[in-house]
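One structure is given here, and the rest of the page talks about it.
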Amino acid sequence: MECRDRQDQILLYVAGNLDEGEAAELRQHLAGGCPQCAGYRAEAEAMLGMLPLALNQPAPSPEARRKLLDRAAKSPAGNPIPISRSWDRIVLPASIAAVLAVAVTLVAVSRLMKNPTVPPGQDPRDMQIAILQKINEAYAAHAVDLQKQLDAATRASVAGMKYAMLTGPAQPQATGHVFIDTTGGKWYFFSAGMKPAAPGKTYELWVCCAGQKHAAGTFDVDQNGSAKLSGTVPQLPPGQAIMLAVTDEPAGGVAAPTGHPQIAGNLQ
Amino acid sequence: MSPHDSASKCDDYELMQRIARGDAAALAALYDRHSALVQAMCLRIVRDQGEAEDLLIDVFWEIWQRGQRYDADRGAPMTYLLTVARSRSLDRLRSSDHRFSALNDQTSPSVNEDQRAGGDDPSAGLLIGENRARVRRALASLDAAQREAIEMSFYDGLSHSQIAAKLDKPLGTVKTHIRQGLIRLRDFLRNQTE
């Protein structure tokens with residue numbers, strides 16, 4: 001069965017409406033780490049999680065709030081253990097994780113092929129031909145996978161996830177990915193292939209909407225041109241196009257953009 | 001700036017961290033942000049305002065007492081809150097004898113009736129408000145039979161057999177309604193954003 005054909009099954013499985021026989025087979029497949037199906041699963045979970053939003057929401061009585069806080073004041077929280085929220089543990093919907101995994105693999109394969117080590121005794125020309133073939137295969141395979149996952153991530157926008165890819169002529173090798181979890185009100189930014197900022201400069205991400213440019217944070221890239229940022233989605237006017245852009249700015253960042261756009265893209 | 005003012009500027013993840021450290025101001029801020037949604041979820045399941053309010057307090061009390069169990073890898077705090085709310089409400093429903101009365105309570109507003117009433121919470125955030133409108137349109141696009149079966153499954157926690165018995169319909173028909181309804185919901189939501 002093609003993974004695309006499993007999307008209905010996954011939706012029913014997440015909703016608890018799949019027969020046990022089908023559920024067991026699907027569990028096994030999901031446990032195998034299929035990224036496309038992980039995307040479908042994330043989409044289904046997010047969709048079902050949104051259903052209660054449709055309910056009428058009358059304000060609870062002030063008495064309920066008072067009771068809760070009185071109880072909390074009299075009894076400390078149980079066994080407090082700090083929750084780690086490092087970047088390694090940050091919440092990422094599976095569809096996004098899958099996109100990133102494929103993207104990282106693509107970059108790694110590309111780098112490996114560009115810096116080959118010829119084994120002793122092997123003709124360098126044969127090696128070069130083999131490498132070219134592998135590059136072709138790798139790019140073809142990963143491009144297809146990547147597109148599938150990007151499609152899945154885009155489709156996941158129905159369930160509160162929006163996505164933008166950032167590119168630009170100033171840095172043709174660089175890409176940025178912005179994911180906005182509209183339900184949780186969080187955004188996530190990832191870059192790849194960006195050049196290090198010039199001395200005394202840093203990169204700054206902007207959320208542009210209705211003529212306003214909201215500073216979303218500064219970042220510097222590592223040796224792979226990668227960086228990560230996250231934050232809370234600002235209040236934006238409804239129905240307006242949203243663009244994300246990265247500019248180079250003086251170290252420490254600025255309140256309004258002054259530098260050159262490096263990469264940019266529109267939210268889908 | 002008071003502790004509550006400070007907490008109210010935190011995102012949900014930060015509030016959960018602070019709650020796990022015993023910060024009551026963070027609990028108050030999380031409550032202020034999501035209590036209406038949690039109460040709505042509880043009320044939809046138990047269909048009794050008094051019980052829903054008790055459950056609302058129980059849900060946030062559980063977050064206070066066991067906040068350290070929250071695993072950010074498993075989902076957003078709001079999703080976690082709603083999962084706890086649904087689970088505790090279904091427990092309450094199953095532990096009492098008012099399932100019968102709840103299922104026969106034709107006066108309780110369904111999602112579709114809410115939509116006709118046009119009841120919107122003006123205090124909701126913009127993005128949540130957009131999602132709410134989208135979900136309401138999607139639910140309204142379903143056949144009445146599909147919506148009814150999905151609501152019984154999702155909110156009332158009924159098995160297919162129980163739904164079939166309640167609606168006096170063949171089991172296969174109920175399964176078909178739920179399957180087709182869920183797929184239609186998803187497809188409607190996908191098409192809305194394409």
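The sequence lines fix the lettering, A, B, ..., with proteins before strands; numbering per chain opens at 1. Computed from a predicted model, the values in this text were never measured in an experiment. Keep in mind that the numbers below use all heavy atoms, side chains included, and drop hydrogens, waters and symmetry copies.
Salt bridge B/Asp156/B/Lys166: absent, no basic N to carboxylate O contact under 4.0 Å. We find that B/Arg88 and B/Asp91 are joined by a salt bridge, their nearest charged nitrogen and carboxylate oxygen being less than 4.0 Å apart. Between A/Glu20 and A/Arg27, at least one side-chain N (NZ, or NE/NH1/NH2) sits under 4.0 Å from a carboxylate O, which counts as a salt bridge. Taking 4.0 Å as the cut-off between side-chain N and carboxylate O, B/Glu151 and B/Arg44 count as a salt-bridged pair. Between B/Arg179 and A/Asp8 no salt bridge is recorded (no basic side-chain N to carboxylate O distance below 4.0 Å).
For the side chain to side chain contact (heavy atoms under 4.5 Å, CB included) test, no residue two or more places apart in sequence or in another chain qualifies with A/Gln28.
When heavy atoms are compared at a cutoff of 4.5 Å, B/Tyr31 approaches chain A solely by way of its side chain, counted from C-beta outward. The contact between B/Ser35 and chain A is made by backbone and side chain atoms together, counting heavy-atom distances below 4.5 Å. Heavy atoms closer than 4.5 Å to chain A are found in both the backbone and the side chain of B/Leu182.
Here the shortest heavy-atom pairing between B/Ile63 and B/Ile19 reads O-CG2, 3.7 Å.
Below 4.5 Å, heavy atoms of chain A meet heavy atoms from B/Lys175, B/Ile178, all part of residues 168-178 of chain B.
Chain A forms the most heavy-atom pairs under 4.5 Å with one residue out of B/Leu82, B/Leu185, B/Ile57, and that residue is B/Ile57. Most heavy-atom pairs under 4.5 Å with chain B, from the set A/Ala15, A/Ala59, A/Ser61: that is A/Ser61.
Taking the ring axis of B/Phe188 as reference, the NZ or CZ atom of B/Arg134 does not stay both within 45° of it and closer than 6.0 Å to the ring centre.
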